[in-house]
Amino acid sequence: MSVKDVRDALLTVTEAVYHYKADPNHKNKYIVWGETGTSAVFSADDAVENIVLGGELYYYTDTEYDHMFDRICTALDEYGISWALNGIGYDDALGQIVYSMEWGVVCGKGAIYQ
């Protein structure tokens, strides 16, 4: 598994998926995601074998009770990506509801971006 699996899972929900920074012209129903670091490292014989790489994901919408969020969760599950919902809030500056999530994938040594 790699970080690209997160991207691929999100792209099954919408084409409006951005890595780290959204298109400033996109105003509604889009996802911004990015990796933030490792949460675990698994070693064998004093060498790294696997790491759990984690990141954050934000879904922006102006729709209350937006079913697209459920589709995001399902897509992550179907790709075997662990996730947790950190919060749901309203961003006054954007005028949008923002869902905040953490995700994690187990990557083999040297396979973070493969």
Side-chain angles (χ1 to χ4, degrees):
M1 185 168 278
S2 83
V3 169
K4 290 181 180 178
D5 290 309
V6 177
R7 177 203 60 200
D8 295 346
L10 297 174
L11 286 170
T12 68
V13 178
T14 179
E15 291 181 8
V17 175
Y18 302 98
H19 194 218
Y20 288 112
K21 183 178 178 184
D23 177 344
N25 297 319
H26 208 109
K27 301 298 181 200
N28 187 34
K29 294 188 185 273
Y30 62 94
I31 300 168
V32 177
W33 71 282
E35 53 277 27
T36 58
T38 58
S39 59
V41 176
F42 302 97
S43 300
D45 296 326
D46 297 322
V48 172
E49 289 295 319
N50 290 303
I51 63 168
V52 178
L53 187 67
E56 296 177 352
L57 178 157
Y58 300 92
Y59 172 56
Y60 297 86
T61 181
D62 63 5
T63 304
E64 281 189 85
Y65 314 113
D66 194 334
H67 293 289
M68 195 158 137
F69 177 72
D70 294 325
R71 291 175 39 213
I72 292 167
C73 298
T74 299
L76 294 172
D77 287 342
E78 288 174 351
Y79 270 72
I81 299 162
S82 64
W83 60 270
L85 177 62
N86 289 337
I88 305 169
Y90 186 78
D91 186 313
D92 287 321
L94 295 174
Q96 292 189 308
I97 300 165
V98 182
Y99 293 79
S100 170
M101 303 174 75
E102 290 181 16
W103 56 264
V105 294
V106 177
C107 302
K109 178 175 69 176
I112 293 173
Y113 296 113
Q114 296 198 15

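Note: hydrogens, waters and symmetry copies are ignored here, and every other heavy atom, side chains too, is used.
- Residues Met68 and Val98 do not share a hydrophobic cluster, clusters being chains of Ile/Leu/Val/Met/Phe/Trp/Tyr side chains in contact below 4.5 Å.
- The OH atom of Tyr79 lies 9.5 Å from the CZ atom of Arg7; values are rounded to the nearest 0.5 Å.
- The main-chain N or O of Lys21 is never found under 3.5 Å from a side-chain atom of His19 such that the two would form a donor-acceptor pair.
- Residue Trp83 comes nearest to Leu76 through the heavy atom pair CD1-CB, 3.7 Å, listed as atom of the first residue, atom of the second, then distance.
- Between Tyr30 and Tyr60, the two ring planes are parallel [angle under 30°; tilted spans 30° to 60°].
- We find the CD1-CZ distance between Ile31 and Phe69 to be 10.0 Å, quoted to the nearest 0.5 Å.
- To the nearest 0.5 Å, atom OG1 of residue Thr61 and atom CG of residue Leu94 are 12.0 Å apart.
- Looking at every heavy atom in both residues, Glu35 comes nearest to Tyr20 through O-OH, 2.8 Å.
- At a threshold of 4.5 Å between non-hydrogen side-chain atoms, the residues Met101 and Ile72 count as touching.
- For Ile88, the side chain to side chain contact (heavy atoms under 4.5 Å, CB included) partners are Leu85, Ile97, Tyr99, not counting sequence neighbours.
- Contact between Ala9 and Ala75 at its shortest, heavy atoms only, is O-CB, 3.5 Å.
- A distance of 7.5 Å separates OG1 in Thr36 from CD in Glu102, rounded to the nearest 0.5 Å.
- Minimum heavy-atom separation, Ile81 to Gly104: CG2-O, 3.6 Å.
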Legend entry - Full working for side chain to side chain contact (heavy atoms under 4.5 Å, CB included) between Glu78 and Thr12: CA-CA 11 Å; Glu78 288 174 351; Thr12 68; 5.8 Å; no
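- For Thr63, the side chain to side chain donor-acceptor pair (under 3.5 Å) partners are Lys29, not counting sequence neighbours.
- When all heavy atoms of Ser100 and Tyr58 are compared, the closest pair comes out as OG-CE2, 3.5 Å.
- Applying the side chain to side chain contact (heavy atoms under 4.5 Å, CB included) criterion to Lys27, with sequence neighbours excluded, gives no partner residue.
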